[in-house]
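Have a look at the structure below, then the notes.
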Amino acid sequence: MTHFDDTETQRANLAYIKASMRAPLLSREREFELARRWREAGDQTALHELIVAYARLVVAIAARLRNYGLPFGDLIQEGNLGLLQAAQRFEPEREVRFSTYAAWWIRSQMQDFILRNWSIVRTGTTAAQKSLFFNLRRLRARIDDPTGGALSDANAEKIAATLGVGARDVVDMDARLSGGDLSLNVAPGEDGVGEMQDFLVDPRPSPETTTMHTHDEAIRLRWLAEAISELSPRERAVISERRLREDNITLETLGHAFGVSKERVRQIEHRALGKLKMALERRFAQP
């Protein structure tokens with residue numbers, strides 16, 4: 001962004017702030033009247049007056065959330081969306097001030113925007129995670145731990161108990177807030193040689209290892225198939241039912257199927273395994 005663009009953006013933000021502060025405050029009766037006109041008759045003029053009067057809420061909440069590094073103008077835009085949501089959903093008959101109701105929607109809209117854009121890595125979506133994200137720094141300062149260093153186990157436990165989350169969640173979020181994103185294309189040293197991604201270790205096996213494993217596995221399967229083919233039909237059936245199934249059949253069940261005792265089935269299985277071992281050893285010994 002150019003310096004001209006920055007200056008124009010700052011001017012636009014300042015103009016919006018001044019305009020919002022000049023708008024007259026509404027009495028309880030007036031805001032209820034405007035809300036009813038908008039809700040019951042779709043009166044756009046009433047909606048406009050209601051929105052303009054409480055634009056100052058948007059500015060105030062955006063100012064409190066601007067330390068997360070996102071453009072102030074973007075926060076204001078999101079806050080205005082929250083203000084519109086509040087106007088759409090406000091129920092005057094509940095006798096709650098519109099400002100109180102709107103503040104919740106404005107803050108929620110801005111917080112969701114911050115969570116979506118603060119980092120390229122998703123930060124958290126549950127209510128507990130959002131509360132942890134927006135309250136961790138304040139709680140660290142309250143327990144006299146504002147240094148930015150690693151949280152002690154005791155302090156992590158205190159914060160976790162306060163917010164109703166796990167201590168591990170607190171430690172992970174603290175690391176996220178203190179670290180920030182880092183481009184994988186950044187040079188790791190002052191000499192500017194290489195990139196950060198060059199030093200990342202891939203835990204997956206290399207293509208060569210994967211190819212060798214696939215090749216060896218194919219050979220082993222072929223050897224096993226050839227060895228099984230040398231067995232008698234009954235031996236193959238016993239090996240298939242007893243060794244090649246996840247839910248292998250009992251000796252007694254096979255004995256009933258073949259019309260022999262379970263001890264006889266055990267003998268057939270033992271002999272078949274011996275044949276398989278000898279056949280595989282022959283193939284393994286071949287050059």
Side chain to side chain contact (heavy atoms under 4.5 Å, CB included) between Glu49 and Leu26, worked out:
CA-CA 9 Å; Glu49 183 178 345; Leu26 300 178; 3.8 Å; yes
In sequence, state the C-alpha distance, the side-chain angles, and the governing distance for Glu93 and Arg36, and then conclude on side chain to side chain contact (heavy atoms under 4.5 Å, CB included).
CA-CA 9 Å; Glu93 61 272 14; Arg36 288 194 182 95; 5.7 Å; no
Let's go through Arg220 and Glu217 carefully: what are the C-alpha distance in whole Å and the side-chain angles of both, what is the deciding distance for salt bridge (Lys or Arg N to Asp or Glu O under 4.0 Å) to 0.1 Å, and is it a yes or a no?
CA-CA 5 Å; Arg220 286 193 292 267; Glu217 184 68 17; 2.7 Å; yes
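A single hydrophobic cluster is seen to contain both Leu47 and Ile106, as judged by linkage of ILVMFWY side chains at heavy-atom distances under 4.5 Å, directly or through other members. Linking ILVMFWY side-chain heavy atoms closer than 4.5 Å, directly or via other members, places Leu81 and Ile76 in two distinct hydrophobic clusters. Linking ILVMFWY residues whenever their side-chain heavy atoms come closer than 4.5 Å, directly or via other members, places Leu70 and Val59 in the same cluster. In the hydrophobic clustering of this structure, Leu50 groups with Met21; members are Ile, Leu, Val, Met, Phe, Trp, Tyr whose side-chain heavy atoms approach within less than 4.5 Å, directly or through other members. Placement of Trp104 and Ile51 within a single hydrophobic cluster is found when ILVMFWY residues are connected by side-chain heavy-atom separations under 4.5 Å, directly or transitively.
No side-chain heavy atom of Leu83 sits less than 4.5 Å from a side-chain heavy atom of Leu57.
Counting non-hydrogen atoms of other residues, nucleotides and ligands closer than 6.0 Å to CZ of Arg94 gives a total of 12 or fewer. The 12-atom threshold is exceeded at CD of Glu230, counting heavy atoms of other residues, nucleotides or ligands nearer than 6.0 Å. Taking a 6.0 Å sphere around NZ of Lys275, one finds it holds more than 12 heavy atoms contributed by other residues, nucleotides or ligands.
The nearest pair of heavy atoms linking Tyr54 to Ser99 is CE2-CB, 3.5 Å.
Ring pair Phe90/Phe32 is tilted by interplanar angle, where 30° to 60° counts as tilted. Aromatic ring pairs are classed by plane angle as parallel below 30°, tilted from 30° to 60° and perpendicular above 60°; the pair Phe284 and Trp223 is perpendicular.
A salt bridge links Glu263 with Arg266: at least one charged nitrogen is closer than 4.0 Å to a carboxylate oxygen. Between Arg30 and Glu33, at least one side-chain nitrogen of the basic residue sits less than 4.0 Å from a carboxylate oxygen of the acidic one, meeting the salt-bridge criterion.
The list of salt bridge (Lys or Arg N to Asp or Glu O under 4.0 Å) pairs with a residue in residues 58-67, not counting sequence neighbours, is empty.
In this structure, Val265 shares a hydrophobic cluster with Val238, Ile249, Leu251, Leu254, Phe258, Val260, Ile268, the cluster being traced through Ile, Leu, Val, Met, Phe, Trp and Tyr side chains under 4.5 angstrom apart.
Side-chain contact check for Gln85 and Arg89: at least one donor-acceptor pair (N or O, by modelled atom type) lies under 3.5 Å.
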